[in-house]
Engineer: 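Below you will find the structure I want to go over with you.
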Amino acid sequence: MVTARLARLLLAIAARRWPADLREEMRLEWAAEVHALAARRRHWRMLRFAASLAATRPAVRPFSFATAAAKTAAVARLVLLMPLVTMAVALLGAVLGPLSVVGALVMVAVGHRFTIRRAPTLALIPVLTVPGCAMCVVLVRTVNADSYGGHTLATVLFFTGLAATLAFVARPAGHNRIRRAWVIGLAGVLLFLDAAVPTIMYGTIPSPDNPWHWEYSPMWLFAWLTDSSFGLPHPDFWEIFVLRDDILLEPPMFLVFAGFALGALIGARRPAAGAQDPLISSPSVTRG
């Protein structure tokens, strides 16, 4: 047990020194070798092998124009093309509320398909939030007078919250706890969407002094989608009218961009299908 844990620690140290797109592949290859040594109860040799990897400088991969071009194209697609596609889907959702939910689900799949695998989380989060935030700010300032700055503040508030949510989602996704990652992601998106809606109306960050019925705040999104409060006292007729009349663009944009960002981040952090760490999955190693 102790030797296996020490070997895993040494392999993790060794993997961090390799390029991000090779780390997982190399670590699994080394783990298979360590597993073979542990199965033969050659624990001292297993530790020497892992320690040598941790202490050895990784080989420098030769420069390849084809590889560099492929990486540049993937980044450009994620930064430039995908926000435009996401915005187009969001505008369709603005025409009919329920379409924004469908659009968000579609962009989850698109984000998962066109993300950059094994990209560092700290680099990926700004890529998934800053371009979308900039596009939404430009659009709402063009379409709306935004005299009090509420639309802009709400957009910045939501995308800042989305970035924080993605940071919390990255860890469980990286450990293949996909259900937990989605629960955290959806909870964060709904929380910051509920905070952004009254910000649009009042031009300030929500506070208890604003005349909204905060205990009914989770219903704002559903009222916007369906024009109904489902028999509850709030949102009342006037509140639903204000939501549908003054807040036309933000809910579908926020939902669809959040769907794309969550799909892309979870797809990037999720281990490859079928990839399994022999040091963790095999009971014969943990007996060492």
Side-chain angles (χ1 to χ4, degrees), residues 20-21 24 70-121 123-136 139 155 158-159 161-193 196 221-222 224-226 249-276:
D21 57 336
E24 188 65 17
K71 288 184 176 180
T72 302
V75 172
R77 179 181 61 200
L78 196 62
V79 175
L80 301 176
L81 179 60
M82 287 297 104
L84 293 174
V85 173
T86 307
M87 180 61 76
V89 174
L91 292 177
L92 290 177
V95 177
L96 183 61
L99 284 180
S100 58
V101 177
V102 177
L105 295 176
V106 169
M107 293 312 297
V108 166
V110 172
H112 192 276
R113 169 64 178 82
F114 292 103
T115 190
I116 301 176
R117 305 293 174 183
R118 296 186 295 273
T121 301
L124 191 58
I125 289 177
V127 168
L128 295 175
T129 55
V130 173
C133 181
M135 290 184 64
C136 290
L139 183 62
T155 301
F158 177 79
F159 278 94
L162 177 60
T165 300
L166 295 177
F168 281 100
V169 167
R171 183 174 180 83
H175 288 82
N176 207 25
R177 297 171 180 172
I178 305 303
R179 182 177 299 176
R180 178 179 299 182
W182 276 111
V183 169
I184 295 173
L186 292 175
V189 168
L190 291 176
L191 172 66
F192 286 101
L193 184 59
L221 174 61
F222 301 104
W224 186 92
L225 292 171
T226 63
L249 294 176
E250 283 83 353
M253 290 194 305
F254 294 166
L255 279 175
V256 175
F257 272 98
F260 172 73
L262 288 173
L265 184 80
I266 293 175
R269 296 292 296 155
R270 184 174 188 172
Q276 203 170 26

Engineer: Going by heavy atoms in the side chains, are I116 and L78 under 4.5 Å from each other?
Structural biologist: yes
Engineer: Measuring only between side-chain heavy atoms, which start at C-beta, is L162 closer than 4.5 Å to V189?
Structural biologist: yes
Engineer: Measuring from T165:OG1 to L190:CG, what's the distance to the nearest 0.5 Å?
Structural biologist: 10.0 Å
Engineer: Any chance you could measure R270, atom CZ, to R177, atom CZ, to the nearest 0.5 Å?
Structural biologist: 14.0 Å
Engineer: Taking all heavy atoms of P172 and all of I184, pick out the closest pair and write down the distance.
Structural biologist: CG-CD1, 4.1 Å
Engineer: Looking only at heavy atoms, what is the nearest atom pair of A181 and I266, with distance?
Structural biologist: CB-CD1, 4.1 Å
Engineer: How many angstroms lie between atom CD of E250 and atom CG of L193, to the nearest 0.5 angstrom?
Structural biologist: 10.0 Å
Engineer: Heavy atoms, side chains only, cut-off 4.5 Å: are L262 and L128 in contact?
Structural biologist: no
Engineer: Are W182 and V108 packed together at the side-chain level, in the sense that at least one heavy-atom pair is separated by less than 4.5 angstrom?
Structural biologist: yes
Engineer: Rounded to the nearest 0.5 Å, what separates atom CG in L249 from atom CE in M87?
Structural biologist: 8.5 Å
Engineer: Treating R269 as the side-chain partner and R171 as the backbone partner, does any N or O pair qualify as donor plus acceptor under 3.5 Å?
Structural biologist: no
Engineer: Measuring from atom CG of L91 to atom OG1 of T86, what distance do you get when rounded to the nearest 0.5 angstrom?
Structural biologist: 11.0 Å
Engineer: What's the separation between atom CG in L166 and atom CZ in F159, rounded to the nearest 0.5 Å?
Structural biologist: 10.5 Å
Engineer: May I ask you to test the F192-F254 pair for a side-chain heavy-atom distance under 4.5 Å?
Structural biologist: no
Engineer: Under a 4.5 Å cut-off applied to non-hydrogen side-chain atoms, are L139 and M253 in contact?
Structural biologist: yes
Engineer: Looking only at heavy atoms, what is the nearest atom pair of L124 and A268, with distance?
Structural biologist: CD2-CB, 3.5 Å
Engineer: Can you give me the closest heavy-atom contact between M135 and P83, atom names plus distance?
Structural biologist: SD-CB, 3.4 Å
Engineer: Quick one: does V130's side chain get under 4.5 Å of I125's, heavy atoms only?
Structural biologist: no
Engineer: With a 4.5 Å cut-off on side-chain heavy atoms, are C133 and T155 touching?
Structural biologist: yes
